[in-house]
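Note sheet for the following structure.
The structure displayed is predicted, hence computed values, not measured ones.
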Amino acid sequence: MKGFFQIFSVSFFAVLLWGCSNGGDVELGSLSEITFNAKHLSRGVLNQTTIDNGEGRVYVCGVQNNSTKIFNNVAITRDAATGKWFPSTKRNWVEGSNYSFHAYAYSTNSGLTIDSSKDGLEISVQQPTSYNEDAMIDYLLSHSFKVADGAMKPIVQLYLEHAMSLVEIYVVRGNMFDARLIKMTFENIYTQGSMKCTSQATANSGNRNVWEVSPSGDNDVVYTFEPTTSAVIGDKRENTEARMMIMCLPQQLTANTQLTIEYEVNEKVTPESPDNFVLHKEVFQLYNYQPVNYQSGHRIVYTATVDSGVNLEGVVAAWKDVDYIEGTVLPEID
């Protein structure tokens, strides 16, 4: 396995730990048709609403008696009346047969190649080479759902987890009059590589999907957010316009990976004095870190605070393959 970097205990999602809860319990369906329920319990380009609305197609793979593919990368859609998911061509449960199902979804196939022979378990990714949130690939893979006897007619619960990692960066202000973001850059990262699911968890097992990641190309891509009009820096994350969301290929950080924030602070002496915006620039070095393996469902949130001394107080810490960040701040874990 090549070295790679787990970009966040992404919660990012929180996966943050993304979609790690399997809910539980086998729910029996009332129909003879094989019925699905697709759930995604975390944030990202693909969230539960976009999946329910069909903006991110969900594809299911199903095998009967360990040999016959009854669903081979077949799209399923949600029925608004019942809330359940079905393929356009339905199949019935067969008593005495054993089944195994899993599914995957993606936000865009521009830059994404799925090895169809592997049922979506191996992918190649080319994230955009310039910062564009709308073009970033979000790929999700479910746990495996096994049915010992088709006579049970359970609803097949497909719990989808993110394979990508998410970085969210927020700039907030401390005790000052006004502050506005001029430019933010996140530089020297890989945007291209392949991902292979080496261990697919079984639903309700408490385990996670595990990925082997092989970045390719050069880790010299720079993502720059430079608003056309000055982005107001709020006093809280939820009301700041100074933010970036980056969907990343999990990778190893290098000594050149860094975050740069350029911002202006109104340094007027009193509220009644004329505006006096002064430009500041802060650079945060991100440290080399290489995890042992990468499990689905991670995101880390970085928050930089412009304090009353007109300094940027960084709470950016080395990424870890744990559910929290050691240092001055804990990430938000959804």
* To do: Go through Glu95 and Asp149 one step at a time and tell me if the side-chain contact (heavy atoms from CB on, under 4.5 Å) criterion holds.
  => CA-CA 6 Å; Glu95 184 174 353; Asp149 184 350; 4.1 Å; yes
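- In this structure, Phe71 has its ring center closer than 6.0 angstrom to the ring center of Phe36.
- Here Tyr159 and His143 keep their ring centres 6.0 angstrom or further from each other.
- Remark: Lys69 NZ is packed, more than 12 non-hydrogen atoms of other residues, nucleotides or ligands lying under 6.0 Å away.
- Centroid-to-centroid, the aromatic rings of Tyr104 and Tyr59 come within less than 6.0 Å.
- Within 6.0 Å of atom CD in Glu238, more than 12 heavy atoms from other residues, nucleotides or ligands are found, so the atom counts as buried in its surroundings.
- Within the 4.5 Å cutoff, the side chain of Leu181 has no heavy atoms near those of the Glu241 side chain.
- In this structure the side chain of Leu158 never reaches within 4.5 angstrom of the side chain of Trp85, judged on heavy atoms.
- One hydrophobic cluster holds both Met244 and Val221 under the rule that ILVMFWY side chains link at heavy-atom gaps under 4.5 Å.
- In this structure, the side chains of Val147 and Phe101 come closer than 4.5 Å at one or more pairs of heavy atoms.
- Between the side chains of Ser100 and Ser144, at least one donor-acceptor pair of N or O atoms lies under 3.5 Å.
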* Asked: Passes side-chain contact (heavy atoms from CB on, under 4.5 Å), Tyr139 versus Val125? Steps please.
  -> CA-CA 9 Å; Tyr139 175 86; Val125 176; over 6 Å; no
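- A donor and an acceptor atom, one from each side chain of Ser97 and Gln64, are located under 3.5 Å apart.
- Side-chain contact check for Asp115 and Ser117: at least one donor-acceptor pair (N or O, by modelled atom type) lies under 3.5 Å.
- For the residue pair Gln157 / Asn37, a side-chain donor-acceptor distance below 3.5 Å is found, with atom types taken as modelled.
- Residues Glu161 and Leu141 are not in side-chain contact: their nearest non-hydrogen atoms beyond the backbone lie 4.5 Å or more apart.
- In summary, Glu264 and Lys281 do not engage in a salt bridge, as defined by a charged side-chain N under 4.0 Å from a carboxylate O.
- When side chains are defined from C-beta on, Ile34 does not count as touching Lys90, because their heavy atoms never get closer than 4.5 Å.
- Checked by atom type, the side-chain pair Asn188/Asp220 shows no donor-acceptor distance below 3.5 Å.
- Listed for the Ser32 side chain is no donor-acceptor partner under 3.5 Å among the backbone atoms of Asn92.
- No hydrogens or angles considered: nothing links the side chains of Gln192 and Tyr190 as a donor-acceptor pair under 3.5 Å.
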* Test Ser116 against Lys118 for side-chain contact (heavy atoms from CB on, under 4.5 Å), laying out the working first. => CA-CA 5 Å; Ser116 59; Lys118 301 296 183 181; over 6 Å; no
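- Residues Phe284 and Tyr223 share a single hydrophobic cluster, defined by chaining ILVMFWY side chains whose heavy atoms lie under 4.5 Å apart.
- Phe186 is not listed as a side-chain neighbour of Phe225, based on a closest heavy-atom distance of 4.5 Å or more.
- Using a 4.5 Å heavy-atom threshold, the side chains of Thr113 and Ile123 count as separate.
- Under a cutoff of 6.0 Å and an axis angle of 45°, Arg180 and Phe277 form a cation-pi pair.
- Side-chain atoms of His162 and Asp138 form a donor-acceptor pair, as typed in the model, at a separation below 3.5 Å.
- Between Asp178 and Arg173 no salt bridge is recorded (no basic side-chain N to carboxylate O distance below 4.0 Å).
- Within the 4.5 Å cutoff, the side chain of Ile169 has heavy atoms near those of the Leu259 side chain.
- Clustering ILVMFWY residues whenever any of their side-chain heavy atoms sit less than 4.5 angstrom apart, transitively, puts Val58 in the very cluster that holds Ile70.
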